[in-house]
Undergrad: 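Okay, handing you the structure first.
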Amino acid sequence: MSKLIETPFITLWLLILLFLSQCSFIITYSSSYNDSKSSSLRHCKFPAIFNFGDSNSDTGGLSAAFGQAGPPSGMTYFHHPAGRYSDGRLIIDFIAKKLGLEYLSAYLDSVGSNFSHGANFATAGSTIRAPNTTLRQAGGFSPFSLDVQFTQFNDFHRRSQLFRNKGGVYETVLPRAEYFSEALYTFDIGQNDLAGGYFRNLTIDQVKANVPDVLAQFKTIIKYVYDQGGRSFWIHNTGPVGCLPYIMDLPIARDAPLDKAGCKIPYNEVAMFFNRGLKETVAQLRKELNLAAITYVDVYSLKYSLFSQAKQHGFEEPLRACCGHGGKYNYNMHVGCGGKVKINGKEVLIAKPCENPSVRICWDGVHYTEAANKWIFDKIVDGSFSDPPIPLNMACHRNS
Ligand SMILES: *[C@@H]1O[C@H](CO)[C@@H](O)[C@H](O)[C@H]1NC(C)=O
Ligand SMILES: *[C@@H]1O[C@H](CO)[C@@H](O)[C@H](O)[C@H]1NC(C)=O
Ligand SMILES: *[C@@H]1O[C@H](CO)[C@@H](O)[C@H](O)[C@H]1NC(C)=O
Ligand SMILES: *[C@@H]1O[C@H](CO)[C@@H](O)[C@H](O)[C@H]1NC(C)=O
């Protein structure tokens with residue numbers, strides 16, 4: 001009789017012991033894991049950001065290569081042109097600030113740059129796929145496509161360490177070796193793979209047909225970064241280009257049907273098609289890259305919400321460029337923001353900024369104002385537009 005009682009009793013004890021040891025394992029594991037780090041339990045300490053993208057996150061790359069975007073860009077925040085296609089800061093600037101880092105220097109910028117906390121490989125006009133060089137004259141897009149940005153990153157990774165080892169000033173302007181695995185890798189690219197097609201007069205279906213190849217290329221690059229030690233990825237989807245004047249005003253888009261926000265439906269449909277594919281690509285990458293934490297961030301929904309419910313969000317004239325000239329959208333593809341024309345032999349500024357950029361969404365017909373960028377950032381920072389739904393400062397974790 002006693003044996004019969006004893007057996008389950010012992011089993012229960014074993015279970016309890018097992019349970020307790022598991023618990024203490026979890027407790028010691030998580031506390032030791034956090035001993036060296038700061039107080040807040042699940043926050044990630046990102047010492048650096050490496051950014052890849054287009055004008056949505058270019059902090060001076062294209063300007064360094066081809067000359068500054070002139071005034072009035074930068075008027076709101078920097079009070080001078082600062083290599084950004086906006087009146088002020090971009091989402092990537094707010095990300096850097098939130099993580100306690102200085103604004104990112106553009107990799108291509110050889111003047112005054114400091115890469116100790118990361119580098120920005122984005123340039124305005126960049127595509128994921130390499131541009132078709134025989135057509136370069138038609139698009140006006142950047143030669144620094146994502147494959148080139150990766151090559152630059154690869155080179156930076158290797159050479160920054162060679163120089164850092166020399167000490168002196170190099171030590172203060174180049175990242176530590178371990179930052180390459182601890183950094184947040186951010187991506188905001190794809191818009192120009194779509195827009196570039198429209199500028200070449202491709203049909204909606206032709207642009208759509210390119211999307212799988214574009215995404216395959218994107219996937220390849222993420223894997224390359226992973227192979228270099230990258231572990232935390234923060235990936236923005238692409239925005240509603242069908243709400244932006246530079247697309248809405250194209251000859252091929254003029255007769256496209258409008259939705260109730262006044263945006264051109266087919267162009268936003270292609271963007272959403274791209275985003276569904278991107279989300280699927282991210283899901284595949286999560287399976288293939290065992291140690292990667294990959295966050296997909298739905299900036300599309302927020303940007304669309306800005307255009308469609310501008311008033312509720314405190315914005316005015318959603319579809320009109322703040323800085324531009326003429327037409328339905330205060331946009332003229334031949335006279336961009338800050339553009340001058342010769343009148344009676346005299347240069348006259350005709351594409352002027354609006355009175356109050358802080359209540360406007362679209363800066364120059366192509367890009368967003370600082371106010372819009374800040375509004376979007378404030379919504380994505382806590383993870384409510386992310387998959388998985390984890391905040392920016394926890395984006396080093398594989399699961400929520
Ligand atoms: C512990 O905290 C540090 C620093 O805040 C963070 O980087 C790390 O991810 C945390 N670890 C766990 C298991 O949450
Ligand atoms: C580039 O464009 C030309 C002209 O349309 C075309 O013949 C060629 O196949 C394109 N090349 C690539 C790599 O897409
Ligand atoms: C570069 O930035 C880091 C971090 O912000 C700073 O500690 C360092 O002094 C800077 N170096 C130079 C040369 O400005
Ligand atoms: C696209 O079509 C418009 C007219 O519909 C034309 O003016 C323009 O040159 C074309 N662009 C290209 C790159 O073929």
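Just follow the structure's listing: the first ligand is 1, and inside any ligand the first atom is 1.
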Undergrad: Which atoms of ligand 4 sit under 4.0 Å from any heavy atom of Phe199?
TA: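 Counting from 1, the qualifying ligand atoms are 13 (C).
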
Undergrad: Calculate, to the nearest 0.5 Å, the distance between atoms CD and CG belonging to Glu280 and Leu285 respectively.
TA: 10.0 Å

Undergrad: So that I can confirm a possible disulfide, could you see if the SG-SG distance for Cys396 and Cys44 falls below 2.5 Å?
TA: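 Correct, these two cysteines form a disulfide.
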
Undergrad: Check ligand 3 against Glu102 and write out every atom of the ligand that is under 4.0 Å from a heavy-atom position of the residue.
TA: 5 (O)

Undergrad: Would you check the N or O atoms of Ser116, main chain and side chain alike, for any that come under 3.5 Å of an N or O of ligand 3?
TA: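 Checking ligand 3 against Ser116, an N or O pair does fall under 3.5 Å apart.
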
Undergrad: Are Lys223 and Asp227 close enough for a salt bridge, meaning some N to O gap below 4.0 Å?
TA: no

Undergrad: What protein heavy atom lies closest to atom 11 (N) of ligand 3? Include the residue and the distance to one decimal.
TA: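 Ranked first by proximity to atom 11 (N) of ligand 3 is Asn114 ND2, 3.0 Å.
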
Undergrad: Is a salt bridge present between Arg129 and Asp147, judged by a nitrogen-to-oxygen distance below 4.0 Å?
TA: no

Undergrad: Does NZ or CZ of Arg89 come closer than 6.0 Å to the centre of the six-membered ring of Tyr77, within 45° of the ring's axis?
TA: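 Yes, Arg89 and Tyr77 form such a contact.
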
Undergrad: In terms of atom number and element, which parts of ligand 3 are under 4.0 angstrom from non-hydrogen atoms of Thr172?
TA: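 With Thr172 as reference, the close atoms of ligand 3 come out as 1 (C), 8 (C), 10 (C), 11 (N), 12 (C), 13 (C).
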
Undergrad: Does the protein put a heavy atom under 4.0 Å from atom 14 (O) of ligand 3?
TA: yes

Undergrad: Could you give me the CA-CA distance, side-chain angles and deciding distance for Ile204 and Tyr198, then say whether side-chain contact (heavy atoms from CB on, under 4.5 Å) is met?
TA: CA-CA 8 Å; Ile204 292 285; Tyr198 307 138; 4.0 Å; yes

Undergrad: Can an N or O of Asn201 be found at a distance shorter than 3.5 Å from an N or O of ligand 4?
TA: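 Among all N and O atoms of Asn201, at least one is under 3.5 Å from an N or O of ligand 4.
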
Undergrad: Side chain or backbone of Leu101 under 4.0 Å from ligand 3, or both, or neither, by non-hydrogen atoms?
TA: neither

